Every structure is written in structure tokens, then in C-alpha cells.
Amino acid sequence: GPVSKLDVTGGDITLGTNNKFLYGVNTSAAVRKLIGINDSNQVGIAGDGQDVLFGTGQVSMQGNVGIGTAGPQSKLDLRGAYTAENGGLTQPIFNIISTNAAAVNTGGTLQFGGESGAATSPYGFASIKGAKQVAGADYSGYLAFFTTEAGTALTEKMRILANGNVGIGTTGPTGQLESNVSATGK
């Protein structure tokens, strides 16, 4: 059993400056594992080049993150089995869900962006939104596609309604495919 209030077997523990707690130092392989608190009161875990920093409302990592896989192949790699339930509805592998109160036009949004080379960078170039289509206790939803032109705000370009109608340049298509585009393409 332990012979003191702190008994370390098979590893090193170093209490150092800046509120850092270092453990498991392997000097021959230059492997350090660190748990600590930085000057911004962020808790960090580091080791073998796979650093994780937990801050206020954020998690910052170096390398790839995998959920459902031990070998992530991209910055975020999500994997899971397809599951059908409730008469054909699917249990998704990934959810984007708004926590706002139920309201028309409220739902999850996925945005695509990158460095713009302009004053506002990074910038959102396009997005896809799944939202509530009608008021009240109703599950009807639509899928909308947004793009931006020359630094303008994202604007909706196409919508697929709950009944399957598709609108290009309109948010309320009355037929299976409705296009409201001018001769100039806008």
C-alpha cells in the first residue's frame, strides 16, 4: 500500500509554476503528459502531440477528433450505424438541432466557409438550414440552401418544402418545381 499521503508508482509528478501539474515525464522519449490551468483559467490536457484545451464554452484540439472511431481521418470524423425506427424514420448519426423555442423558420444550420482574402475573414460562403415550416404542434419542416455573392449576407436560393415541392428563387413553391429567376439569372 501507499507509504505516504501521495504515493507515485511508475511515473513522475512535478508541481511547477503557472499552476501546472505535470505527470508521466519520460525524458528519453521526450514524452510529457500535462494537466494544468493556464493564465486564462483554461484547463488543458496535453501529451504525445495530442493536446486538448477546455475553455469557456470551447474545446480546442490539435489533430483529428473521432467519435465512433479510434482512427479519425479528418478534423472531425463521426461514425455510427444506420438505424431505422418508428415506421421508417431514421436515427441520425449526426444532429444539428436548434435550442430556440419552436417557431416557424427556426432550426439547425450547417455553414460552409473559409478565408475570403477580404477584410472579413473567415467568411461564410454557403449554408444549409433545416427548419420548422408551419406554426403550432406540427412536425413539418423544410430544407433551405443559402449562398453569398461578393461579400453580401447569405441569402436563400433554393427551398424544398415538406410536401416535396422545390422552389428556386422562391420560398413558397406551389408546384413540384417552381423557378422565380429573372432573365439575368438572379
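What you see is a predicted model, and the numbers here were worked out from it, not measured in a lab.
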Would you check if there is a donor-acceptor pair between the side chains of S127 and K129 at a distance under 3.5 Å? no

Beyond-backbone contact of K157 with E149, side-chain heavy atoms, under 4.5 angstrom: yes

Report yes or no: do F146 and I168 belong to one cluster of Ile/Leu/Val/Met/Phe/Trp/Tyr joined by side chain heavy-atom distances under 4.5 Å? no

Nearest 0.5 Å please: distance from the CD atom of Q133 over to the OH atom of Y139. 16.0 Å

Quick one: CD1 on I96 to CG on L110, what's the gap to the nearest 0.5 Å? 4.5 Å

Between A162 and S140, which heavy-atom pair has the shortest distance, and what is it? CB-CB, 4.0 Å

Let me confirm one number: the OH-CG distance from Y142 to N105, rounded to the nearest 0.5 Å. 3.5 Å

Do N95 side-chain atoms and I97 backbone N/O form a donor-acceptor pair below 3.5 Å? no

Closest approach of E178 and G172, non-hydrogen atoms and distance? OE1-O, 4.2 Å

Taken to the nearest 0.5 Å, the spacing of F94 CZ from R79 CZ works out to 15.0 Å

Counting C-beta onward and ignoring hydrogens, is there a side-chain heavy-atom pair between F125 and L154 closer than 4.5 Å? no

Just to verify, which of I160, L161, V166 counts as forming a side chain to side chain contact (heavy atoms under 4.5 Å, CB included) with P173? L161

Would you give the length of the straight line joining atom CG of L143 to atom CE of M158, rounded to the nearest 0.5 angstrom? 7.5 Å

Establish, from distance only, whether the side-chain atoms of K132 and T106 form a donor-acceptor pair under 3.5 Å. no

Restricting to non-hydrogen atoms, name the atom on A153 and the atom on Y123 that form the minimum distance, rounded to 0.1 Å. N-OH, 4.2 Å

Minimal non-hydrogen separation, V104 against V134, with atom names: CG2-C, 3.5 Å

